[in-house]
Every structure is written in C-alpha cells, then in structure tokens.
Protein chains: 2
Amino acid sequence: MSWRKEQRRAERGYHHGNLKEALLQAALGLIAEKGAAGFTFADAARMAGVSAAAPYRHFRDRDELLSSIAQRGFEQFEARLTSAWDDGRPDTVTAFERVGKAYLAFARDEPAFYNAMFESGLPVDANPALQAASERAFNIIRAAAERLAALAPPGTPRPPAMMMALHIWSMAHGVASLFSRGDAARRKLPMSPDELLEAEVLIYLRGLGFPTDRRPQKKSAEPPPVPPEASSGSGVPPGGPWGKPK
Amino acid sequence: MSWRKEQRRAERGYHHGNLKEALLQAALGLIAEKGAAGFTFADAARMAGVSAAAPYRHFRDRDELLSSIAQRGFEQFEARLTSAWDDGRPDTVTAFERVGKAYLAFARDEPAFYNAMFESGLPVDANPALQAASERAFNIIRAAAERLAALAPPGTPRPPAMMMALHIWSMAHGVASLFSRGDAARRKLPMSPDELLEAEVLIYLRGLGFPTDRRPQKKSAEPPPVPPEASSGSGVPPGGPWGKPK
DNA sequence: AGCTCATGTGAACGACTTTTACATGAGCCG
DNA sequence: CGGCTCATGTAAAAGTCGTTCACATGAGCT
C-alpha cells in the first residue's frame, strides 16, 4: 500500500509549502510520545508526508531540529515565567512562588519542550541562539530574585540575588526532574510536586529571614514599608509551610 | 586491517571468559565519553573484541545493559551516601551536609553512572531490581532526614522527615543536573556547585528553625541538648550561609 | 515564455539493532 | 579417556536511521 504517499502528494503537490513548521510540530509530538532520545528524523519526515531527505533542506541535521525545538521551548518558558512573575504583583513573595509553580506547570504541560530543553543531552552552548534564549528565561528568575533580595529584612546580611536565583532554579528543576514528569512521577509522594516545591521555597525564604505569611502588600510602594514581623521569628504560617495534613 | 579481530581471538580463544563484565566496563567508558544517548551496543562489543551479536548472550537488549549499569550506579551511590552520612557523626547537621556534598561528588566523579541513572531516560520502574536499588539509595537520605527531624527545635511544629528528604534530594539533584556536570557547568557561577548547595541547604535548615552554626555536638547523646539559640533568630552564622565574598 | 533557485525525490552508503542458523570448546558423565 | 551437551561465540541477513548526492519540480521573477 504505497498509494498513501502518492495520495499525500496529490493533496499538497510536489512542494509542501510549510515543511519547516510541519517538521517542528511533528517532532514535538514525537518527543512528547517517545522522548528526545527515541525521536527520529525519519519519523518526523514521514509524519509530514515527505521523503527522508527533505528535512535536510531545513535543518543541517537531527540535532539542529532538536535545538530549534529547545530554543522555541525556552521562548515559551520565558513567556510563562514572565507572565507568572507579573512584575511582582500583588506582592513579591506571592509572585515569586507563582514563578515556581509556573516552572512546574511548564514541565508538566509541555513535556516535549521540557525534554528537549533539559533532558535531551544537547550541549546548551552549541547554538548561540539557544544559549541566549535560555539566558533570557533564567533572567526572569534572576530579576525576581533581585526584587526579593531588595526586600530582605533589615538587620540581616542581604543575600546575593544571583545566589537566590540559582537556589530557586535548582529547587524547581530538581522537583520537576525528579517528581513532576512521566514515569519518575510514579514514586509515591506524600504531597503533590507543586506543594512540595511551594513548601521548599517557603522554608528557604524563611531561612533568609523573609516573612512568609503572605498578606497583600500595598501594591503602590513595595520596597518601603517592610512589615514589622520581618526580622522577628513570628513570620511562621500557622502549621508551618507544609500546611496541615489534609 | 581486519587481522586485529583474529589477533584478539588468538589471545583469548573462542570464548571470552568474562564477557558480561567486560561489556559493562566498556559501556561505562563509552557512556562517560559520549553520554548514554551516544553509547552504542556495537561499540561495546567491539571494545570487548567480540562480534556484535555476542552481547545478546548476556543482555536481552541495549536497554538491559543500560539498566544494569544504572543499577550498579545506584549501589555505589548508596555506598557513598552511607559512608558520607556516617550515621550522623560527628553531629547531625554536619553529617547531613556531607551527604549533600557526596551527592555532588558522585555526579562529578562518576558521570557515566550518573548519566545512566538520571539522564538516560530509561524508565526507573522497568527493572524491579533497579527500582529497589534506587529506593535503597534514597532511603539513606530519608534516614538522615528522619534523624534531623527528630532534632527539630521545640516550640515549632516538627517538619515531616519525608518532606525534608524530598526537599534535600531535589536541591542536590537540581544543583547536580544544572551546574555540576559537563557542558551545563559552563554557565559561569558566582560560586562552586558545592558551595551553592551547601548554602542552599543551610538556609533551608535555618528556615526550619535549625541552628546552623555548626559546632561539635556531644557525640554521646545527640538529641538531648538543643542549643539555646535554636528557636531564636540569632542562629545566623557570621556572614550568613553564603559566607564572605572571597 | 523562459530561467532560476529553493525545495522535494530516490537511490545509495555505512552504522546500528536484533534475529537466526551454525561453530566452538569447557565441563561433566560414564 | 572419549563423547555429549549446552553456554557462549560467529557470520549473515533483515530492517531502521542518518546523511549525501544527483536529479526532478514548480513558484516566482524577468
């Protein structure tokens, strides 16, 4: 039954017209199904209804397709983090945690992108555009950390924002990689990955001396009035950041 | 020049004698070089001086070889964590951090194992033995967290040990994955991965109310004498957990 | 109408995975 | 010691991929 290919071609003519995009979409689907390792250039071509050689008109090789996807992934990632951060509204801590949740949500909702970005084993510094995209995404976390660091309670040494950003990133990435994806999520947890990360971040922030019982701060002037309980020990949410056993 | 194979065979006879082990070693080397994705069954066979079909006498397929390596990796991992934990000597917090360092050290010293264990994309629950080995390794962290939780300062709600273990694991894994390996380590950091993780854990523990200025505790009876500054805010090490900018 | 160049095709090469039928020889049994 | 057997190895073959090359097609410009 090789009339299928003829059929396809009859429908769309000799030239595909939008092969590059079609290949990206096909690859995305395949990676979601079988992982970046299992994804095959030939399969993507087949799925787009073209010969195995056609993709080479649009990508130097399989790796370039993969890294294109990773790049696109970082762009969407950045967009989602940006939107989650929402410039620190309604208050910095709340927004900060929303960023953490967005990280997990992305890993969950876009397994193909996440896979290509973090688990495909392709060298980040191979493609400068890829590296730049990754950099921009991280800068969201960094900017958020910067704002948070500026809020550090007086009396304690101010934590380096870069360090905070790296810490938060590692937490989110660790939770996402270990517990929030595919089969690794099979490990039975006492709480959801989201809750796990939220508690982790809250405890961490408390360790830095931040008040972690979130209450809407005045959105007009954020830095100025640091709540009085900032440097005291009373900022503990009832029941601790891990909440009550439900 | 195909006399090489004949040569090899002349040296060792028709039967290899220890092929399984030789294949595991060869694979380990190849994975270290080119990653689990780039590693090839045929290459391992070649390296062991046997035909491409020979490995199938010892492993059902490529994946089984990979998962054997992962399993062996988890065993060594467990051994190193156990030794680092050293049953909580000289004091729980110190030992706990040593475990974190051991995690990073393993990722650094045994990239092939680490790769097979965490980055090869093979389903953890495929092989029950693999799953068990992974479980045992995690249990070290869990046991350590248990001991640490028991030390929680009075007056604050006691954190669930399981949660702590998962948090620590995710931190260590996040730092290792993002910053402590191969090319991803290319990202220029303000501090070493070890320091990064140490600071992260210290801040986290402080967030839980633990005293984090380590001083040798009496090794005889550990739980009893919680230092007085446990629940106050004065447990901040000079300069904070991130130390002084050197 | 005709040219040109981007885009797609088919065939071919070498490498890899896996299966199959056959070869070898180590260890046991009489 | 002679012979049997079975674990272990080999060669060959089929099927898949990645990748390249010479060639085909037709969209868009002149």
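The sequence lines fix the lettering, A, B, ..., with proteins before strands; numbering per chain opens at 1.
- Of the side-chain N and O atoms in A/His58, none sit less than 4.0 angstrom from OP1 or OP2 of C/dA6.
- Each of D/dT19, C/dG8, C/dC16 was ranked by its minimum atom distance to the side chain of A/Leu19; first place goes to C/dG8.
- Here A/Phe41 lies in heavy-atom contact (under 4.0 Å) with sugar-phosphate atoms only.
- Close placement of the B/Phe74 and B/Phe118 rings is indicated, their centers lying within 6.0 Å of each other.
- For B/Asp61 and D/dG15, the CG to C1' distance is 16 Å, given to the nearest whole Å.
- Taking the ring centroids of B/Tyr103 and B/Phe77, they lie under the 6.0 Å cut-off.
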**OP:** List the protein contact pattern of nucleotides 20-28 of chain C with one symbol per nucleotide (5' to 3'): B for base contact, S for sugar-phosphate-only contact, - for none; contact means a heavy-atom distance under 4.0 Å.
**Re:** -B-BBS---
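- Between D/dC17 and A/Arg46, a contact under 4.0 Å exists linking OP1 or OP2 to a side-chain N or O.
- Residues B/Ala161 and B/Ala149 share a closest heavy-atom pair of CB-CB, 4.0 Å.
- Spacing between atom CZ of B/Phe59 and atom C1' of D/dG9 amounts to 15 Å, rounded to whole angstrom units.
- Atom OH in A/Tyr204 sits 5.5 Å away from atom CD1 in A/Ile168 (nearest 0.5 Å).
- Residue contacts for A/Gly17: at a heavy-atom cut-off of 4.0 Å it reaches the sugar-phosphate backbone alone, with no base atom in range.
- Between the CG atom of A/Asn18 and the P atom of C/dA6 there is a distance of 18 Å, rounded to whole Å.
- When each of B/Ala52 and A/Tyr56 is assigned the nucleotide of DNA chain D with its nearest heavy atom, B/Ala52 is the one assigned upstream, toward the 5' end.
- Side-chain contact between A/Leu166 and B/Met191 is absent, with no heavy-atom pair separated by less than 4.5 Å.
- In this structure, A/Arg60 atom CZ and D/dG18 atom P are separated by 16 Å, rounded to whole Å.
- B/Leu81 and B/Ala102 get closest at one heavy-atom pair: CD2-CB, 4.1 Å.
- The residue A/Ala42 sits close only to the backbone: its heavy atoms come under 4.0 Å of sugar-phosphate atoms, none of a base.
- As a whole-Å value, the separation of B/Glu21 CD from D/dT8 C1' is 17 Å.
- In summary, the side chains of A/Glu135 and A/Gln131 do not present any donor paired with an acceptor at a separation below 3.5 Å, with no hydrogens or angles considered.
- Checking each of B/Arg98, B/Arg108, B/Lys101 against B/Asp194 for a salt bridge (Lys or Arg N to Asp or Glu O under 4.0 Å) leaves exactly one that passes, namely B/Arg108.
- Rounded to whole angstrom, the span from the CG atom of B/Leu30 across to the P atom of C/dA15 amounts to 16 Å.
- Remark: P of D/dG18 and CG of A/Asp63 are 11 Å apart, rounded to the nearest angstrom.
- In DNA chain D, consecutive stretches of 3 or more Watson-Crick or G-U wobble pairs with both distances under 3.5 Å are given as paired ranges: C:1-30 with D:1-30.
- Phosphate contact (OP1/OP2 of D/dG18, side-chain N/O of A/Thr40, threshold under 4.0 Å): present.
- In this structure, the side chain to side chain contact (heavy atoms under 4.5 Å, CB included) partners of A/Phe59, at least two apart in sequence or on a different chain, are A/Lys20, A/Leu23, A/Leu24, A/Phe41, A/Glu64, A/Leu65, A/Ser68.
- For the pair B/Lys20 NZ and D/dA7 P, the computed distance is 14 Å after rounding to whole Å.
- Distance check, rounded to the nearest 0.5 Å: CE of A/Met117 to CD of A/Glu119 gives 10.5 Å.
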